[in-house]
Every structure is written in C-alpha cells, then in structure tokens.
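In what follows, residues are counted from 1 in the order of the sequence shown. Every number for a ligand or one of its atoms is a count from 1 in the order of the listing. As the structure is a computational prediction, the values presented were derived from the model and not from experiment. Just the heavy atoms: all of them, side chains too, but no hydrogens, waters or symmetry mates, feed the values below.
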Amino acid sequence: MITMDQIVREGHPSLRAKAKDVDLPPSKEDIDLLNDMLTFLKNSQDDEIAEKYKLRSGVGIAAPQLGIEKRLIVIHYLDEDDQEHTYQLINPKIISHSVQQSYLQGGEGCLSVDRAVEGYVHRYARITVKAYNIDGEEVKLKLRGYTAIVFQHEIDHLNGIMFFDHINEENPFFVPEQSKAV
Ligand code: SB7
Ligand code: NI
C-alpha cells in the first residue's frame with residue numbers, strides 16, 4: 001500500500017527529471033503500479049483511512065512522485081454531482097489546447113510540496129489529450145474546467161515541472177486577460 005513515506009518531496013531529482021515512455025502493452029508491474037496509485041488516491045479521500053495512515057488528500061498522482069520516472073498518471077475525484085472522474089493513463093500527451101487560460105481560484109498544492117505556495121497557476125482552459133489506458137488501448141480525451149487543470153498538473157510532473165513554476169514572480173495573483181477562474 002502506498003503511503004506518504006513513498007512520496008518524494010521537493011529536492012528529489014525525480015521531480016525535475018523527464019520521465020520515460022512506458023512500453024505497450026503495459027507490463028504487469030506497470031498495471032500494478034497504476035492500480036496502487038489509484039488505491040492511494042481513494043484511500044487519501046476516505047476520512048477514516050486517511051486519518052489512520054496520515055494521508056494527505058489528493059486528486060491526482062504521477063509516477064515521478066514515487067521516485068519512478070515513468071510516464072504514468074492517475075486522477076480520481078468526485079465532482080459536485082457525485083460523479084466519479086477516474087483516469088489511469090500511460091504516456092499522456094497534450095495534442096492541442098485552447099488559447100484561453102484558466103486557473104483555480106484557491107491556487108494549487110502538491111503532495112510533493114510540504115508548504116503552501118500562494119498565487120494563481122494559469123493553465124490552458126481546454127486540452128485534448130492522447131494517451132493509452134490500463135488495457136493498452138489508445139484514448140483521446142477532450143477536457144475542460146477542473147479536470148483540465150488537474151491533468152496539466154500531473155502531465156507537468158512527467159516533464160519535471162512543478163505548479164509553482166507557473167506562478168508570476170512579481171505578482172503571484174496577476175490574471176492575464178484571457179484567463180478565467182475555475
Ligand atoms: C490542485 C491539486 C492537484 C492538481 C491540480 C490542482 C493535485 C495535487 C496532488 N498532486 O501533487 C498530484 O501531483
Ligand atoms: Ni503534484
């Protein structure tokens with residue numbers, strides 16, 4: 001079971017590395033890892049389990065956050081209508097994006113960052129992602145809103161980019177004209 005002990009923190013080289021493509025079809029090892037990552041997210045969102053194992057709640061995780069430099073991401077959250085959004089993806093790639101940007105009003109955090117970093121993280125408002133699912137099948141996803149933001153946070157981890165790299169240094173709360181709050 002993945003706990004916070006396995007999550008690498010700021011300063012670990014895997015967070016600044018470019019992760020490697022994963023061979024297809026995925027190996028049992030990579031499938032097991034994607035499933036362990038999903039279990040971690042579900043556990044982190046379960047009040048009792050999170051309290052027992054001292055897990056910080058997370059909606060996404062990328063393999064480099066476990067010190068594993070592979071292009072694997074998992075996203076799991078329930079939206080305001082209690083709809084599940086669950087993705088376990090291999091080699092995800094943004095193949096197109098909007099000009100319009102968006103940002104989370106409350107800013108972003110990261111399981112690998114043990115401090116609050118204030119400021120807006122401007123991202124693309126809409127993205128199209130090509131990836132492979134856990135069965136090794138190609139999928140193409142059109143994403144917007146909160147989901148698009150979380151995807152960009154996770155895909156950034158595969159490229160050694162941290163959320164605070166996107167915050168305006170002079171004015172952390174600067175809002176470009178084409179950026180809308182989510
Ligand atoms: C806010 C939080 C996340 C993504 C986008 C906005 C996920 C935080 C958990 N992680 O550190 C995942 O990399
Ligand atoms: Ni993160």
**Request:** Sort out for me which residue in Ile134, Asn91, Ile90 forms a side-chain contact (heavy atoms from CB on, under 4.5 Å) with Leu72.
**Result:**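 That would be Ile90; it is the only one of Ile134, Asn91, Ile90 passing the side-chain contact (heavy atoms from CB on, under 4.5 Å) with Leu72.
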Top protein contact for [atom], by heavy-atom distance:
{"atom": "atom 9 (C) of ligand 1", "result": "Gly60 O, 3.5 Å"}
{"atom": "atom 7 (C) of ligand 1", "result": "Glu154 OE2, 3.7 Å"}
{"atom": "atom 11 (O) of ligand 1", "result": "Leu111 N, 2.8 Å"}

**Request:** Look at the side-chain heavy atoms of Ile, Leu, Val, Met, Phe, Trp and Tyr, link any pair under 4.5 Å apart, and say whether Ile49 and Phe40 land in one connected group.
**Result:**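 Yes, because Ile49 and Phe40 connect within a single hydrophobic cluster, where side-chain heavy atoms sit under 4.5 Å apart.
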**Asked** Cluster question for you: counting only ILVMFWY and a side-chain heavy-atom cut-off of under 4.5 Å, with indirect links fine, are Tyr132 and Leu38 together?
**Response**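 Yes.
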**Prompt:** Can you tell me the angle formed at the Ni ion (ligand 2) by SG of Cys110 and NE2 of His153, to 10°?
**Reply:**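 The angle at the Ni ion (ligand 2) comes to 120°, rounded to the nearest 10°.
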**Request:** Compute the minimum heavy-atom distance from Ala62 to ligand 1 and say whether it is under 4.0 Å.
**Result:**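 False for this residue.
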**Request:** Using non-hydrogen atoms of the residue, decide whether Gly58 is closer than 4.0 angstrom to ligand 1.
**Result:**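 For ligand 1, residue contact (heavy atoms, under 4.0 Å) with Gly58 is absent.
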**Asked** Taking the six-membered ring of Phe151, is the NZ or CZ of Arg123 close enough (under 6.0 Å from the centre) and on axis enough (within 45°)?
**Response**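 Not flagged: Arg123 not positioned over aromatic ring of Phe151.
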**Message:** Please check whether Gln65 reaches ligand 1 - meaning an N/O of the residue sits under 3.5 Å from an N/O of the ligand, judged on distance alone.
**Reply:**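 Yes, at least one N or O pair falls under 3.5 Å.
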**Distance-only N or O hit between ligand 1 and Cys110, under 3.5 Å** =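 No, no N or O pair falls under 3.5 Å.
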**Item:** ligand 1 versus Val121: contacting region, heavy-atom distance under 4.0 Å
**Value:**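 Neither part.
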**Within-4.5 Å side-chain heavy-atom neighbours: Tyr120 and His166** =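 In short, these two side chains do not touch, never coming nearer than 4.5 Å.
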**Request:** Just jot down the ligand 1 atoms closer than 4.0 angstrom to any heavy atom of His157, in number order.
**Result:**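 Reading through ligand 1 atom by atom, the close ones are 13 (O).
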**Message:** Show the atoms of ligand 1 that are less than 4.0 angstrom away from any heavy atom in Gly109.
**Reply:**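 Near Gly109, meaning under 4.0 Å from one of its heavy atoms, ligand 1 has 2 (C), 8 (C).
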**Verdict with reasoning, Arg16 to Asp165, per salt bridge (charged side-chain N to carboxylate O under 4.0 Å, His left out)** = CA-CA 11 Å; Arg16 289 305 191 179; Asp165 298 343; 2.7 Å; yes
**Prompt:** Any Lys/Arg nitrogen of Lys18 or Glu69 sitting under 4.0 Å from an Asp/Glu carboxylate oxygen of the other?
**Reply:**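 Here Lys18 does not pair with Glu69 in a salt bridge, since their nearest N and O are not under 4.0 Å apart.
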**Message:** Any carboxylate oxygen within less than 4.0 angstrom of a Lys/Arg side-chain nitrogen, looking at Asp46 and Lys42?
**Reply:**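 No, Asp46 and Lys42 are not salt-bridged.
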